[in-house]
Structures are given as C-alpha cells and as structure tokens.
Amino acid sequence: MAFLKFNKAELVNLSYSLKREIISANKTGAYCNTSIITCNTRRYHGLLSIMLDRFGGDKYLLLSALDETFIVGGQQFNLGIHCYGDIYEPRGHKYVVDFDADPVPAITYKVGEVVFRKSLLLMPDKDQILIKYELLSSPAKVTLQLRPFLAFRNIHALTRENGSANTGFGKVQNGASFRMYANFPDLVLQTSREGFKYVHSPSWYKGITYSDEYRRGFDCTEDLMVPGWFEGVLKEGDTLLFSASKDEEYSAGFKRLFDNTVAKIAPITDGRDQLRHWAGLFICNHNGRKKITAGFSWMYTGLLRETLQALPGLTLYAGGDKHAFEEILDNLIADEQERLFRRTTQVEAPLYLATVLQAYIAFGADPAKVWKKYGIIVKGILESYLPGERKEVAMHPNGLLWAQMDRVALSWMNAYIGGNPVTERAGYQVETNALWYNCICFAVEMEAKFGATKGFVEKWAPIRDIVKLNYQPTFWNASRGCLADYVDNNGQNMDIRPNQLVALWVDYSPLDEMLQPSVFRIVANELETRRGIRTLSPRDEKYKGVYEGSQIDRDLAYHQGSTRTFLLEYYVKAGFKLQSESFYKKAEWLIQGFFEDLGKHGVGAFSELYDGDPPQEPHGAIASALSTAALLAVDHMMNQNKEERK
C-alpha cells in the first residue's frame, strides 16, 4: 500500500496513532487487529483471534499483545504500550519513527543509535501470525525480550484474574505452548533462532484499559496473563521470526515462509486494488465452506442480509468469480432455511435473493440454468409472505407487505435503546415492498420462460399487478415530491430517508418513471454526502450528525443521520439510470472520497459508516463487507458506462 501516506511526525501523538488501526484477516476466519503502535484500544484488538467450531463458530482471542524490551549497555527500553486507567505504561510509542503498510504492517523504532523494525503477517490460510524482527542498526549487541499477553476468551468478552487459569506451559521446538482453559486449543509460541530461551514467570497484568470501550461507556478493563518471556541476543543485521499458532510449526522455516508469503501478495497501487484485496479477505473458507464475513473485527460470518447484499460485489465485480458466487450462495441457502422461509426480523432480507440472481444474470450467467437451480428457492420465499405463513410480515389484500411486531424493528434499521427500537417502522415499508414487487416480477418472468411449475404464473401475475396498482398511491407524496418511508395506521411517515432509493434501484420498479427524477432529487439534496448517503435528512429534528458519545448517543445517530457507504450502490445506479453518462463525474467524485480515507480508521480498509456532518469522520466496523462490495459495484457501473460510451 505504497499509496497510503502517514504523518510520521504524528506517530508519537496518541491522539493520532490510536485512531488508526491495523487490520488483517484470512480465509480461516482468523484476524489480527490493533492500533498502528500496537496499543490495544478495543476488546476486539489482539494479535491472533481465531474461529473455534467447538464453541459454536465464534471468534476467540488467544494472543492479545507481545511486548518488546531492549537491553543495551545495561539500559532497558520497553517498546510496548498499554493503558491503565488514564495512564499509558510503558510508553513505547515515543520510540516509533515510521509506520508502513506495504506489503504488510511494519513499525520502525529508534532507540538512541539502535534502529529496529517489526513486521506483522497473518498467514493467509492458517491460524498463525508471524512477526518479523529486524535489527537494522546497532553499535553493539542487544538483548531482546518478548513478553506475550494471553487472553483465551471470546472476542466480545473480557477476562479477569482467576484460579481456573492454567498458567503452566509445555515445551516445543524453540518455544513454549499454553492452554489456559480446558477445551481451548494450544497457543504455540516459537522463535526462529535456537539461541532464544523461554523463561517461565507467570504473572497477571491487571486493569488493562481499552480506551475506545471506555469512551463508549462499556466495560473496559481486563486482566491478562503474561506467562514469562522469550530472551536472546541480536547483533546488527540479525533477523528474528516469532510465531503464534494453534500448532507446533517448523521453526527453522519461519523466515522463508514469511518472505515467500509476502512475495505472493499482489501489489497495491491505488484504491481500486485495495477494494479487490479486501473483497478476498471477507470471503471466509473455514472448514472448506465459503461464507462472507460482514465486517471486522466484531461482525459475524454468514449473515443473511449482509451476505446477499455483498455477494455480487465481493465475487463478480471484484474478479468475476462465478464459482465462488454460487458456492457462497449455496452455503447461505443451506444455513438460512429458517430466515428465508419462516421468520426473520429483517423482513426484506430474503427478497434480496432476486436482486442477487438478477445481478448474476446481468454479469453473464445463463438465465435458464440460474432459474433451474434457484427458482424453487425464489418461489418458496414468495409463498412464505402469504397470509398465515410468517408472524412478523404478511401480504395484505392490497398486495403490499405489512410488517409489525410490538417493540421490534423489522428492517435493517434495527438499533435499540432500553429494549425499544429507535426506528420501528411498523406497517408498509417502502424498500420492503419495492423488493417484493421486484421479486414477484422476476419470478413470474423467469417461470414463464424457463419454469415448469403448473399454475405459478397464473397465481402470481395478478398479485404482481395489484402490488403495482397500490404501491405508488400508498407511498407517493405529491406535495413533498418523494416516497413515504413507511405507512402505518396513522398514514404516511414522511421522514426523508434513503430507503426510497430501493424503488429506483430494483430492476422492476413499482414507481412510474416520470416520478423517479423527483425522488432522486430529494435524496440528492438532503441525503447525499461525499462519504455515503445519510440515513435521515438534516432538516429532521431527530437528526444526529455525529456518531460519538455514549451507547445511547451512538444508537440515536446510527440510523438517524450517520451515512452508509453501501447505499451508494443504490444511489449511483439510480443516477446512471436517470442521468445516463452525465452522472459519471459525480460517481467518480463520490467514490474517490473513500480512497482518501484509507490512511485512517482501519488502515487500508473501508469503514461501515461516517458522520453525517462535516468533516465526516469514519466509524463503526473498520472493515465493512457492505461498504467494500458497494464501492466495487459503483466501480463496475462506471466501467460499464465507459464501455457504453465507446
């Protein structure tokens, strides 16, 4: 990532460096996430977190941190950094002189005349992190000590000193293994050099504080076990590799393994390369089953809505991988039978299957083969919305879907405060019914061309027509020139939100073409920003333009003003549809803003959301599958537009 630039003079400034995070992920579901000075500020931070099937497939943090200490001429210099309350100790960041992200995160320290660099590499296909230490310059030999901080906990939890922890160790080649609790795997720590010895001296480091958790009002302190340290001597020009893994590895091969793996990393020269790089990291291939991880570091893998929305971008538009597209979709369908056909609190989510298949066909898939394989799923989803099938949502006699459960948010806008939804949106939802109409139209057309189910078209074509007949009168508001966000027993809710964009985005729109420019104009005037589309108009009294403060403050802003990058896919498609090639420069302007932010928040990654107000700082998940997929979709649309203009 040579195109990423950092203010090197600011690296020693905690207000600068703690806001910028290293994030690496791999195919097994493991990740490494910390700040660029390796001070952990979130409970999710750590050097090695892995997915454990034995605990339900959740992710568990094994190695939280690794502190380096130099002993030169009888003087000791600690390069680590931890927060205890409002005190940082040790303060190793004061020795940082450089940070580089290309091709892997690398931090350079300068202690007097000693120059020392460490590079972090999460292996792409196994639960292992390699840390490379290079003594670049030194007038004399130095003694290096490495102290591992062990967690052995769920990434969402925190741990305390306890008598149940096993503080012993096992001997392995050039290292030691640890298993603090039963049923966990071993954490095997090894060095590449025979001369490094392990000194066992277990001790709990108490009251380590995670500043980001504190700022958000969460439980923010924990105790970590430091079982001892690794120690050895280095001279100028020496290199040491440190490995943390579930398994004992061949330690003499660490350097070759590190160098060979780095050499295979594709060069990244611009933001579009970075998009394609991250597209691959969101595709988890744990136990040979491909799924999409919604985001790092705390989001889950295999979620229904997030997978369907991100799937075309991460597979088709990132590299044209149709095989991965179908494999991920097949796994999702197998795993999500309950939500697809019986119940889900995101009532619109199953209907996205039609949009996914439409994208697949538009990308070149054979429509007959697609319908033969997936038609039965689409038809089953439609049937599940008929009266009496689902408790949370059902078709009314007017053909529209009514979604309602007391004190439950039945859409993607699902933040809660005190058990009550911030945006309940009970009734007819504008995006759900647009997706409903699109799905019916798609199914009727495909079944008529390629299907064999007797009576399906005869049954569903009239439903399609009645939905079309009632959608526009239900949602269109002539005085405002846009669509209601939802309609309940009190009438139209006219909060200006981006959900109405879905009616412009779907292939089969239930909204007359002559009305669509007005909807787009309202969204452009009130919701468009250079960092995504706002979730609520700033003119609304409920608008919260900054996603900061307590959990309540952030939940109020989450869908009440914060922008979402993924909404750009809907917006840009509508822009090209309505304005043709004249929208190209606007699309380019919108996507370029995200490339400018790659040096902050998650370094090299695309954030989940931004403040609605300037200067629009990034927040939420530091690496979002939806954001990445949407930007890939926008890039794909721009490329299509280029081709059409030739």
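Please read all numbers here as calculations on a predicted model, not as lab measurements.
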**Report entry** Which atom of Ala349 lies closest to which atom of Arg305, heavy atoms considered
**Finding:** CB-CB, 3.8 Å
Query - Donor + acceptor pair across side chains of Asp495, Tyr543 (<3.5 Å) - result: no
Query raised in the report: Centroid-to-centroid, Phe606 to Trp278, below 6.0 Å?
Result: no
Query raised in the report: Any side-chain donor paired with an acceptor under 3.5 Å for Gln579 and Lys586?
Result: no
Report task. Answer whether the closest heavy-atom distance between the side chains of Arg390 and Thr344 falls below 4.5 Å. Result -> yes
Query - Donor-acceptor contact below 3.5 Å, side chain Ser518 vs main chain Gly481 - result: yes
Query - Salt-bridge present (Lys459, Glu383; N to O < 4.0 Å) - result: yes
Query raised in the report: Between the main-chain N or O of Pro618 and the side-chain N or O of Arg531, is there a donor-acceptor pair closer than 3.5 Å?
Result: no
Query raised in the report: Would you say the ring centroid of Tyr558 lies under 6.0 angstrom from that of His619?
Result: no
Report task. Begin with the C-alpha distance, continue with both residues' side-chain angles, and end with the deciding distance and a verdict on side chain to side chain donor-acceptor pair (under 3.5 Å) for Asn470 and Thr474. Result -> CA-CA 6 Å; Asn470 288 299; Thr474 300; 5.4 Å; no
Query raised in the report: Can you list the residues that meet the side-chain contact (heavy atoms from CB on, under 4.5 Å) rule with Met413, with sequence neighbours excluded?
Result: Ser411, Thr423, Arg425, Arg497, Pro498, Asn499, Thr535, His559
Query - Lys449: side-chain hydrogen bond (donor to acceptor under 3.5 Å, both in side chains) partners, not counting sequence neighbours - result: Glu445
Requested in this report: Among residues two or more places apart or on two chains, list those pairs meeting ring-ring contact (aromatic ring centres under 6.0 Å, His included) that have a residue in residues 483-503.
Outcome: none
Query raised in the report: Would a line drawn from the ring center of Tyr570 to the ring center of Trp505 be shorter than 6.0 Å?
Result: yes
Report task. Not counting sequence neighbours, which residues clear side-chain contact (heavy atoms from CB on, under 4.5 Å) with Cys441? List them please. Result -> Tyr437, Arg464, Tyr508
Query raised in the report: Between the side chains of Gln616 and Asp611, is a donor N or O closer than 3.5 angstrom to an acceptor N or O?
Result: no
Report task. Indicate, with yes or no, if the rings of Trp436 and Tyr428 have centres closer together than 6.0 Å. Result -> no
Query - Pair Lys544 + Asp553: basic N to acidic O under 4.0 Å - result: no
Query raised in the report: Which word best sums up how the rings of Tyr610 and Phe594 line up, parallel for under 30°, tilted for 30 to 60°, or perpendicular for over 60°?
Result: perpendicular
Query raised in the report: Hey, are the side chains of Leu435 and Val506 touching, using non-hydrogen atoms and a 4.5 Å cut-off?
Result: yes
Query raised in the report: Under 3.5 Å, is there a donor-acceptor pair between the Asn331 and Glu327 side chains?
Result: no
Requested in this report: For residues 321-355, pull every pair meeting ring-ring contact (aromatic ring centres under 6.0 Å, His included), keeping only residues two or more places apart or in separate chains.
Outcome: Phe325-Tyr360
Requested in this report: May I ask you to check if Lys59 and Tyr31 form a cation-pi contact, with NZ or CZ under 6.0 angstrom from the six-membered ring centre and within 45° of the axis?
Outcome: no
Query raised in the report: Considering residues at least two apart in sequence or located in another chain, which fulfil the side-chain hydrogen bond (donor to acceptor under 3.5 Å, both in side chains) criterion with Asp465?
Result: none
Query raised in the report: With the threshold set at 4.0 Å, does a side-chain nitrogen-carboxylate oxygen contact exist between Glu528 and Arg534?
Result: no
